[in-house]
Amino acid sequence: SQQGEEDPQALSIQEGENATMNCSYKTSINNLQWYRQNSGRGLVHLILIRSNEREKHSGRLRVTLDTSKKSSSLLITASRAADTASYFCATTGTASKLTFGTGTRLQVTL
Amino acid sequence: NAGVTQTPKFQVLKTGQSMTLQCAQDMNHNSMYWYRQDPGMGLRLIYYSASEGTTDKGEVPNGYNVSRLNKREFSLRLESAAPSQTSVYFCASSEQSSGNTIYFGEGSWLTVV
């Protein structure tokens with residue numbers, strides 16, 4: 001069963017706008033990761049945030065984690081057409097296995 | 001440095017046929033994984049190998065077998081393919097199995113008719 005659930009399922013924005021995706025999970029985690037998947041390709045790791053961290057930045061990416069609400073958000077600032085992809089959150093819990101959510105499909109139009 | 005390489009890229013099978021998906025990584029990672037991805041769903045873990053010589057079932061192991069041939073290679077076998085196994089299969093690896101970053105192959109598109 002999926003541990004994480006992303007919201008929204010699909011998001012369409014214009015280039016230059018910010019994109020925010022949310023992930024909710026069910027059980028306690030050790031860390032949470034975000035991955036990107038371009039159409040027809042494998043997943044690529046974006047960022048990892050540990051359970052004792054609240055916010056992390058990497059370039060145009062900002063990830064927050066609220067363990068009390070069991071949720072995380074991924075913000076992509078100043079989006080580009082090349083950001084068009086599906087984005088997945090993945091959690092690691094006590095079983096140390098990475099469990100993926102169902103993904104958010106982001107479309108960035110010119 | 002090729003990362004994770006999996007073959008074949010595309011395969012069509014008839015129901016009941018068998019086949020093996022091959023996977024190799026050149027990053028000296030200890031852990032390797034096989035996932036399947038179906039439309040509208042995330043990735044589901046089929047089998048994983050935390051280290052050379054060990055394999056364990058994931059979320060959806062039925063109908064599959066795996067072999068960790070050596071540290072580099074981890075193969076997935078479908079003994080008697082079924083239409084429900086039509087999917088995209090991803091091999092992946094990580095340094096350790098405990099929540100490290102996972103590196104994925106490019107995927108294998110399998111259709112069972």
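In the text below, chain A, chain B and the rest are named by the order of the sequence lines, each starting its count at 1.
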Within the supplied structure, the quantity of interest is the number of heavy atoms (other residues, nucleotides, ligands) at a distance under 6.0 Å from [X] [atom1]; does it exceed 12?
X: B/E79; atom1: CD; answer: yes
X: B/R77; atom1: CZ; answer: yes
X: B/Y103; atom1: OH; answer: no
X: A/R105; atom1: CZ; answer: no
X: B/K9; atom1: NZ; answer: yes

I need the B/L45 CG to A/T99 OG1 distance, nearest 0.5 Å.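 Output value for this atom pair is 8.0 Å.
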CG on B/D38 to OG1 on A/T102, rounded to 0.5 Å: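 Rounded to the nearest 0.5 Å, the OG1-CG separation comes out at 13.0 Å.
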Answer with side chain, backbone, both or neither: which region of B/Y35 has an atom nearer than 4.5 Å to a non-hydrogen atom of chain A?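 B/Y35 touches chain A through side-chain heavy atoms alone.
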Side chain, backbone, both or neither: which part of B/Q6 has a non-hydrogen atom closer than 4.5 Å to chain A?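 Neither part.
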Side chain, backbone, both or neither: which part of A/Q37 has a heavy atom under 4.5 Å from chain B?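 Looking at A/Q37, just its side chain touches chain B.
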Considering non-hydrogen atoms only, spot the tightest contact between B/T101 and A/Q33 and give its length.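 In terms of heavy atoms, the two residues are closest at CA-OE1, 3.6 Å.
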